[in-house]
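Have a look at the structure below before the remarks.
Just so it is clear, the structure is predicted and the values come from calculations on it, not from any experiment. In what follows, chains carry the letters A, B, and so on, assigned in the order in which the sequence lines appear, proteins first and then strands, with residues in each chain numbered from 1. Heavy atoms only: backbone and side chains are in, while hydrogens, waters and symmetry mates are out.
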Amino acid sequence: MADITFTLPDLGEGLLDATVLEWLVAPGDFVERGAAMVEVETTKSTVELPSPRTGVIAALHVDEGGVAEVGSPLVSFAADDDQAGIVGTVPADEVPVRRVRLTIPED
Amino acid sequence: MKTDDDTARRLYRLMVTTRALDAEATVMQRQGIIPGYAPLKGQEAAQIGSGAALDLARDFAFPTYREMGVAVAMGVDLIGYFASHHGSWHGGLYDPLASRFAPINAVVAGSVLHAMGWAKGEKLSHGTGVSLAYFGDGASSQGDVHEAMNFAGVDDLPVIFFCQNNGWAISLPTERQVAGGSVAARAAGYGLAAEVIDGNDVVEVFEATNRALQRARSGGGATVIEAMTYRVGPHSTSDDPGRYRSIGEEQSWALLDPIDRLAQQLRAAGADDAFFESARTDARETVETVRTGLVDMTDRPLTELFDFVFTNPTPRLLEQRDAYLSNAYLSNEYASEATHG
Amino acid sequence: MPSIRSFDGVRISFEQTPGERPVLLLHGFASSAALTWQQTGWLRAFAAAGTATVSVDLRGHGYSDKPTDPAGYAMTAFLADIDAVLAEADYDIVDVFGYSMGARVALAFAQAHPERAGRLVLGGIAARDLFAGWNPDEVDAILLRNEPVADAQLTSIVTTARSVPGTSAEALSALVRGLDASGVSSAPQMPTLVAVGANDELAPNAADFAEQLSAELVEVPGRGHFNVLSARTFRESILRFLAAQV
Amino acid sequence: MAETLSMQAAINTALDEILTADDRALVFGEDVGTLGGVFRVTDGLAAKHGSDRVFDTPLAESAIIGMSIGLAIHGFRPIPEIQFDGFAYPAMNQLITQLARMTYRSRGALPMPVTLRLPSFGGIRAPEHHGESLEAIFAHVPGLKVAVPSNPSDAYSLLKQCVADPDPVIFMEPKSRYWHKAEFGQPAEAAARIEAELPIGVSRVVRPGRHVTLVAWGAMVARCIQVAELAAEDGVDVEVLDLRWLKPLDVAGISASVGHTRRAVVVHEAPLSAGLGAEISALITENCFDSLRAPVQRVAGFDVAYPAGPLEDHYIPSVDRILAAVQRTLEYRRG
């Protein structure tokens, strides 16, 4: 269950870090890509960062009030190894139900 | 032919319903009600504008797997349409002839040839109907599309080649897909009329489709319409656009929403809150109806594994069916379905 | 970004998003439409609510022209710019949402054209005059010569302002001298909301100000002048206020 | 401790090593570059080997195969991907009349070292045309070879063998097994295995037994191992033979197995009629007629289009359908 970690994206204008004002998601939440995820403050302005991924939040790496560095971990999503392909589902390894019995041959 | 206010309002209602259904489909996939879905968010104007222009008495539409908006515009049975995404029946459970809407087709470009063929039939029978083939910038690279356009050109066939250039074919951007940068530009090579239109202006799409319909009905032959739009959502509910494009790009397009654009024009033309509220209410009712239909949708009866392979089934196939359905090891709820004729 | 040429030849750029009831968005001192409304998620929130927006880069800011003559920054110039933009956008009546200096301009617009403003939201602003206590020469020391001055708050605000990319020190200097952002003459005639961060040091005693305008008030706990804009409660209360039936 | 790997990762490793070892090798197809493949099988290869050698193509399967032929004539070793089995149909002309025929037409002057990777077979509740089994079509074409791995280590070693082979090979990847992890062994071990298994066309007994042989490939191998374990509960000892190559078929291997179990059931997902099961059954009858204790049985998909949703569980040979066929061979008495 290797999580997928996203760093604080480059906020432009040479900014190196930002203060986390408020998380709009919590670990365990299912979030769609693009939904509002976290509010951060830079020296110049506040920025509402959208979720970079559709999935379940695994961990928030900077607490509210904490300083996040551009390029260092900000949020992790749970990513089960068995990621479905572009279509369809991942087949479950079910134990098959059997009804037919066999008889041992004489030879 | 200017689009009057009533038509614009009808187009708005159809787009609001399509947007609500499209969003609910992703929710239903997350909830496991359907295994997968291909969202069309952002392309409502291109689909409603073209689908709503068709004359259900004589025209025929050929969709791929992402034209739910066209199905809404043409009044197709939506529970039957969503049966395809529900995994009940690949082509959907609606009646294609009654709906004038060919079965859902998962391999793109193939149905473009079918639209051309239908148009050939319409011309041979001296009808005034027109077929409309849906394909995207991705499918425009398939040989089938080029062959269809050439055939239509040779015979001046009454078909509209409607390309929703939505910027992406799964992970490939249009500039890596469409050499020369324009699908419509190729029409000249086949002697066809062509228009590149703002696919996010539903009135422009509606009027361009009507122009092409008039041309075809009056013997002027085929038209290539390239509706420039944008696939705001992922290719499918298990796609991760983060691997090939930025959120900034998606959100800048999302801000230029085709539904809001028409809302602005309707509001300026005097539409009041009551109108907008009724559009939202209709959409909610349709979503509830479709959702309930899919939640209650039962598996297809086993006999349907065999029933539609041929129009006149071979004896061997019937034997295969009867042998399987009457097998002891099928659990009793199936065994009772043993065929009876 | 589309733009129009205003009465005095100054080119004003602005951004539009479609929707039902339009709202005019006016950013703060040394900011821009993108910084104040795009990055903070406001444009996404308005799009989700189906509300049309017109976000203007006020003269001297963003992509708009940046005159350096203080006379070019009279409030009447700002109002003329807005008239030109609204004419281009083909909007007669708009709701207006201004932040900080933009709130001053919004208030002036509402008072100049009461029949054109539907609802009015004034963010990050209070009774105190915008540049109250700002000595233009000290501002120039910081802006033009990067020399800190005794007033620590002024130094920090103006230094930050200067560091915003795309800003022009000369334009900001001229604006501080030219803009007569004096106090309020009369209560606006349309429904008004004053919305501030509870710790906004540039907008003290907002409650009195709201009362003076007979306006509703929202104070967001824990937030100051520079970080209330993207706060969830700030956003929700303003959207609710704007959505209330006229 | 032997490393466990999914089939996706095993194929990714093989492609990575091939691209590193042979600068003429190219990997291309729809969404294989930036996206890393719709099943992530080519993930990271474009970044590592550059977009000149791992690249996305426009959406046109005929062109993908036609281009591969031109590249091969130019001296490259193309490894194209067609994204799904059902998308191979538009490429049939290039595959059959051109790729399979070029060496013959040029009297050997133009070898075609092309390996087409084709995610195949069903079992993932996918839309139409995403669960088809085309092996019989390909196996019937003179000039094409066909290989089908059933597990990660075979996926690794078979793919390397296919790419090394100078002739065109259709490498059918059982997509329902992409995610299943299995013991893989160190790459060096796997490389050694390849040397041991030359020439191509070798099958493998994955479970020895003495009462009946189940002949299978791809995802059906795991299904047959399940059947063998269930049969053991009844005291019946089932041998499972993983063919690995469908063209050429391992006649010796098949004959050896059926020779000692004296009963055979062939299992495949493709429709029954004119499926590859018919060819295998004919070979068994021709080579093991005297030792057969029962007619060869075939358990396959019905002669219907690949169905949607839950119907796929009835279409694909189930444990019970295979057990029923095994029982027919056990209880058969000559008339």
Side-chain angles (χ1 to χ4, degrees), chain A residues 6-57 59-75 77, chain C residues 25 27-49 55 61-62 99-102 123-124 155-167 172 197-200 220-236 238-239:
Chain A
F6 291 86
T7 61
L8 181 70
D10 176 6
L11 299 169
E13 304 129 24
L15 290 165
L16 297 178
D17 55 46
T19 308
V20 172
L21 287 171
E22 185 179 7
W23 280 103
L24 307 173
V25 298
D29 289 357
F30 179 88
V31 180
E32 292 282 348
R33 173 178 162 85
M37 178 177 77
V38 65
E39 207 201 326
V40 299
E41 179 180 14
T42 69
T43 48
K44 309 224 170 47
S45 65
T46 62
V47 181
E48 181 190 69
L49 293 175
S51 168
R53 184 180 170 79
T54 293
V56 174
I57 302 287
L60 309 181
H61 297 293
V62 182
D63 297 334
E64 290 180 355
V67 175
E69 309 286 335
V70 171
S72 61
L74 177 66
V75 60
F77 286 77
Chain C
L25 299 173
H27 63 75
F29 178 69
S31 183
S32 70
L35 277 177
T36 302
W37 308 115
Q38 167 95 24
Q39 265 192 313
T40 56
W42 269 104
L43 292 190
R44 276 198 301 281
F46 279 124
S55 48
H61 298 82
Y99 191 76
S100 185
M101 178 186 81
T155 305
S156 102
I157 293 170
V158 177
T159 311
T160 309
R162 204 169 59 81
S163 67
V164 172
T167 56
L172 295 182
N199 311 340
D200 186 338
V220 180
R223 292 299 173 103
H225 191 70
F226 294 105
N227 65 16
V228 71
L229 256 168
S230 52
R232 195 171 5 187
T233 48
F234 184 77
R235 172 141 40 235
E236 281 160 2
I238 289 172
L239 285 176

So which N and O atoms of chain A and chain C form donor-acceptor pairs under 3.5 Å?
{"from": "E22(A)", "atom 1": "OE2", "to": "R232(C)", "atom 2": "NH2", "distance (Å)": "3.1"}
{"from": "E39(A)", "atom 1": "OE1", "to": "R223(C)", "atom 2": "NH1", "distance (Å)": "3.4"}
{"from": "E39(A)", "atom 1": "OE1", "to": "R223(C)", "atom 2": "NH2", "distance (Å)": "3.0"}
{"from": "E39(A)", "atom 1": "OE2", "to": "R223(C)", "atom 2": "NH1", "distance (Å)": "2.4"}
{"from": "E39(A)", "atom 1": "OE2", "to": "S230(C)", "atom 2": "OG", "distance (Å)": "2.6"}
{"from": "E39(A)", "atom 1": "OE2", "to": "A231(C)", "atom 2": "N", "distance (Å)": "3.2"}
{"from": "E41(A)", "atom 1": "OE1", "to": "N227(C)", "atom 2": "ND2", "distance (Å)": "3.0"}
{"from": "S45(A)", "atom 1": "OG", "to": "Q39(C)", "atom 2": "OE1", "distance (Å)": "3.4"}
{"from": "T46(A)", "atom 1": "OG1", "to": "S230(C)", "atom 2": "OG", "distance (Å)": "3.1"}
{"from": "E48(A)", "atom 1": "N", "to": "Q39(C)", "atom 2": "O", "distance (Å)": "2.8"}
{"from": "E48(A)", "atom 1": "O", "to": "R44(C)", "atom 2": "NH2", "distance (Å)": "3.1"}
{"from": "E48(A)", "atom 1": "OE1", "to": "R44(C)", "atom 2": "NH2", "distance (Å)": "2.9"}
{"from": "E48(A)", "atom 1": "OE2", "to": "R235(C)", "atom 2": "NH2", "distance (Å)": "2.6"}

(request) Would you please name every residue forming a ring-ring contact (aromatic ring centres under 6.0 Å, His included) with F226(C), sequence neighbours left out? (result) none
(message) Between I57(A) and F77(A), is there a side-chain heavy-atom distance shorter than 4.5 Å?
(response) yes
(message) Within the 4.5 Å heavy-atom criterion, are L74(A) and L49(A) side-chain neighbours or not?
(response) yes
(request) Return the minimal non-hydrogen interatomic distance between A45(C) and L239(C), and the atom names on each side. (result) CB-CD1, 4.2 Å
(message) Using heavy-atom distances under 4.5 Å, tell me whether A161(C) contacts chain A through its side chain, its backbone, both, or neither.
(response) neither
(message) To check you understand the geometry: which heavy-atom pair defines the closest contact between A68(A) and V62(A), and what is its length?
(response) CB-CG2, 3.8 Å
(request) Report the option among L21(A), L24(A), V40(A) that has the most heavy-atom pairs separated by less than 4.5 Å from atoms of chain C. (result) L21(A)
(message) When you compare the side chain of V75(A) with that of M37(A), does any pair of heavy atoms fall below 4.5 Å?
(response) yes
(message) Within this structure, what is the CG-CG distance for the pair L16(A) and L8(A), rounded to the nearest 0.5 Å?
(response) 10.5 Å
(message) Is L11(A) in contact with chain C via its backbone, its side chain, both, or neither, using a 4.5 Å heavy-atom distance?
(response) backbone
